[in-house]
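I have placed the structure first, in the form of structure tokens, so that the comments after it can refer back to it.
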Protein chains: 2
Amino acid sequence: MAASRRPLAPDEPNRRAEIVRAASRLFAEKGYSATTIRDIAKAVDMQSGSPFYHFKTKHDMLLAVVLEGMATITRATRAAAARGGTPREVFDAMLLAHLEQLLAEDGRHFAATLLHEGHHLEPAALKELIAHKDTYEAMWQKALRDLKRAGNIGDDSRVTRLFLMGALNWTVQWYRPNGGRTVKQIARQISDLLLRANA
Amino acid sequence: MAASRRPLAPDEPNRRAEIVRAASRLFAEKGYSATTIRDIAKAVDMQSGSPFYHFKTKHDMLLAVVLEGMATITRATRAAAARGGTPREVFDAMLLAHLEQLLAEDGRHFAATLLHEGHHLEPAALKELIAHKDTYEAMWQKALRDLKRAGNIGDDSRVTRLFLMGALNWTVQWYRPNGGRTVKQIARQISDLLLRANA
DNA sequence: CCTACCGATCGGTAGG
DNA sequence: CCTACCGATCGGTAGG
């Protein structure tokens, strides 16, 4: 599934990574289908056929973007959870980590592509992505279970998790970096909304 | 902005409406850019050039889908709110109306296109859509304000509304008609989640 | 990674 | 609404 690549010399500029980054931005802004290989090539100062030296197909580029986005969010949220604390402290740290990856300057195009363009993957790749997503969301289900045991929420069902994911992932649609609200404030606000009864 | 059309004879099959319906399904399933005029034509048993008898451009088809989706959801939610009752009764009726339009067999492709493909509109059309959306969401802001006055929620800010919209609109991503949960149950569950403290 | 290119497909149109 | 078509563009490739 992963595209092949040459071993990378120590100080060689990583053109492949540049392509992935440019692709993430273009896929996020214009959509996968409306983005052409020529768009991507131009964004990294290549000729139109050259990206195919790094990737076999356009679908492989999408897969690279989507898997990197998924891996980054998973890593950040898992690390936040691993720092420990009360269920609410863990939950708040996870909220912040998730939103930072979604909304930060350097990662938001990966996240947006992940959330909106994943369905353009071929069946086998889509299955792989969904497996990663299920693993990721299981972390959240566990966090909700711990919150319930601690009496912080009344319902830790699957639907509650899906509402939470919706509220979080929808921020991509409306958050603006200079909108006067920090990511930390947004994370705090959803925490208050869900846990208000026992704050 | 709206595409022109002939006056419609009483029992003449409305081919234009058939095109819009087929387009909504294809745009929702494959995305605007990946859907071809030939796909749409085939879905309504026309030749590839014939849809252009009804619409000047592919963008006009998208606009028709998106405006019809927006109008339908607005109409249903406004009617629900107009039935009156306590702030919570009004809110619950609005939740159900919104989710029914989003998830029901006959409207979900319009809603999905509205939520995911709107950004492919040209600037003027996009602006028109955003104006409709703002009007619609103002209804929800008012409902939240009434809930707060009645003591049902603690925070009726803009961000609360956006979290709510996210939780609701995200259902499109995971709801399956035969998933064992009815739309009514889902509406009830999000109402309980938000208003739990004062249930 | 560039040059030069190919076959396929696309949105859209003229004329009936 | 169909027939027949056009110019533009697309993903991808061979050869260097």
Side-chain angles (χ1 to χ4, degrees), chain A residues 1-9 11-24 26-27 29-66 113 117 119-122 125, chain B residues 1-9 11-24 26-27 29-66 113 117 119-122 125:
Chain A
M1 204 80 50
S4 61
R5 73 188 94 159
R6 294 173 306 139
L8 190 65
D11 59 348
E12 181 183 3
N14 191 344
R15 299 293 267 148
R16 186 181 188 276
E18 288 173 37
I19 291 172
V20 172
R21 171 168 306 251
S24 78
L26 288 160
F27 290 161
E29 287 172 357
K30 311 175 42 160
Y32 172 75
S33 300
T35 298
T36 68
I37 297 292
R38 284 160 178 84
D39 291 333
I40 296 170
K42 190 156 77 172
V44 295
D45 278 310
M46 284 179 176
Q47 297 303 312
S48 69
S50 300
F52 291 107
Y53 172 74
H54 298 276
F55 293 89
K56 261 207 307 275
T57 68
K58 189 185 173 190
H59 272 114
D60 281 345
M61 295 184 202
L62 176 60
L63 182 60
V65 170
V66 145
T113 301
E117 306 300 321
H119 60 104
H120 287 292
L121 291 168
E122 298 141 28
Chain B
M1 203 78 52
S4 60
R5 74 189 93 161
R6 295 173 303 141
L8 190 66
D11 58 349
E12 179 182 5
N14 191 342
R15 298 293 267 147
R16 186 182 188 276
E18 288 173 36
I19 291 172
V20 172
R21 172 167 305 252
S24 78
L26 288 161
F27 290 161
E29 287 173 356
K30 312 177 40 161
Y32 172 75
S33 300
T35 298
T36 69
I37 298 292
R38 285 161 177 82
D39 291 333
I40 296 170
K42 190 156 76 171
V44 295
D45 278 310
M46 284 180 176
Q47 297 304 310
S48 69
S50 300
F52 292 107
Y53 173 74
H54 298 276
F55 293 90
K56 259 207 309 275
T57 66
K58 190 184 171 188
H59 272 115
D60 282 344
M61 294 184 202
L62 176 60
L63 182 59
V65 171
V66 145
T113 301
E117 306 302 319
H119 60 104
H120 288 291
L121 291 168
E122 296 141 30

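Proteins get letters first, then strands, A, B, ... in listed order; numbering begins at 1 in each. Computed from a predicted structure; not experimentally measured.
Ranked by how close their nearest DNA chain C nucleotide is to the 5' end, B:Ser48 and A:Gly49 are led by A:Gly49.
Scanning DNA chain C for stems, defined as runs of 3 or more consecutive Watson-Crick or G-U wobble pairs whose donor-acceptor distances all fall under 3.5 Å, gives the following ranges: C:1-16 with D:1-16.
Considering A:Thr36, A:Asp39, A:Thr35 as possible partners of A:Lys30, the one that fulfils the side chain to side chain donor-acceptor pair (under 3.5 Å) test is A:Asp39.
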Problem set entry | Audit row: A:Ile40, A:Lys58, side-chain contact (heavy atoms from CB on, under 4.5 Å) steps and yes/no | CA-CA 10 Å; A:Ile40 296 170; A:Lys58 189 185 173 190; 5.6 Å; no
For this session: Evaluate side-chain contact (heavy atoms from CB on, under 4.5 Å) for B:Val44 paired with B:Arg15, printing each intermediate quantity in order.
Result: CA-CA 8 Å; B:Val44 295; B:Arg15 298 293 267 147; 4.2 Å; yes
Problem set entry | Full working for salt bridge (Lys or Arg N to Asp or Glu O under 4.0 Å) between B:Glu18 and B:Arg21 | CA-CA 5 Å; B:Glu18 288 173 36; B:Arg21 172 167 305 252; over 6 Å; no
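Rounding to whole angstrom units, NE2 of residue B:His54 and C1' of D:dC1 are separated by 7 Å. Atom P of nucleotide C:dC2 and atom CE of A:Met46 are separated by 6 Å, given to the nearest angstrom. Put simply, NZ on B:Lys56 is 14 Å from P on C:dA14, counting in whole angstrom units. Distance B:His120 NE2 to C:dG11 P: 13 Å, rounded to the nearest Å. Across the protein-nucleic acid pair, B:Arg16 atom CZ and D:dC1 atom P stand 12 Å apart, rounded to whole Å. Summarising the geometry, the separation between NZ on A:Lys58 and P on C:dA8 is reported as 19 Å, rounded to the nearest angstrom. Summarising the geometry, the separation between CZ on B:Phe55 and P on D:dC1 is reported as 11 Å, rounded to the nearest angstrom. Distance, B:Phe52 CZ to C:dG12 C1': 5 Å, rounded to whole Å.
OP1 and OP2 of C:dC1 both lie 4.0 Å or more from every side-chain N or O belonging to A:Gln47.
Between B:Ile19 and B:Met46 the shortest side-chain heavy-atom distance falls below 4.5 Å. In this structure the side chain of B:Val20 reaches within 4.5 angstrom of the side chain of B:Phe55, judged on heavy atoms.
With C:dG12, D:dC1, C:dC2 as the choices, the nucleotide that has an atom nearest any side-chain atom of B:Ser50 turns out to be D:dC1. Listed candidates were D:dG11, D:dC1, C:dC1. Nearest to the side chain of A:Tyr53 is C:dC1. Of the candidates C:dG12, D:dC2, C:dC2, the closest approach to any side-chain atom of B:Thr57 belongs to C:dG12.
Atom OG1 of residue B:Thr57 and atom CG of residue B:Asp60 lie 3.5 Å apart, to the nearest 0.5 angstrom.
Not one N or O on the side chain of B:Thr113 forms a donor-acceptor pair closer than 3.5 Å with the backbone of B:Phe27. No side-chain donor-acceptor contact under 3.5 Å links A:His120 to the backbone of A:His59.
Non-hydrogen atoms lying under 4.0 Å from DNA chain C are contributed by B:Thr35, B:Thr36, B:Ile37, B:Arg38, all within residues 31-42 of chain B.
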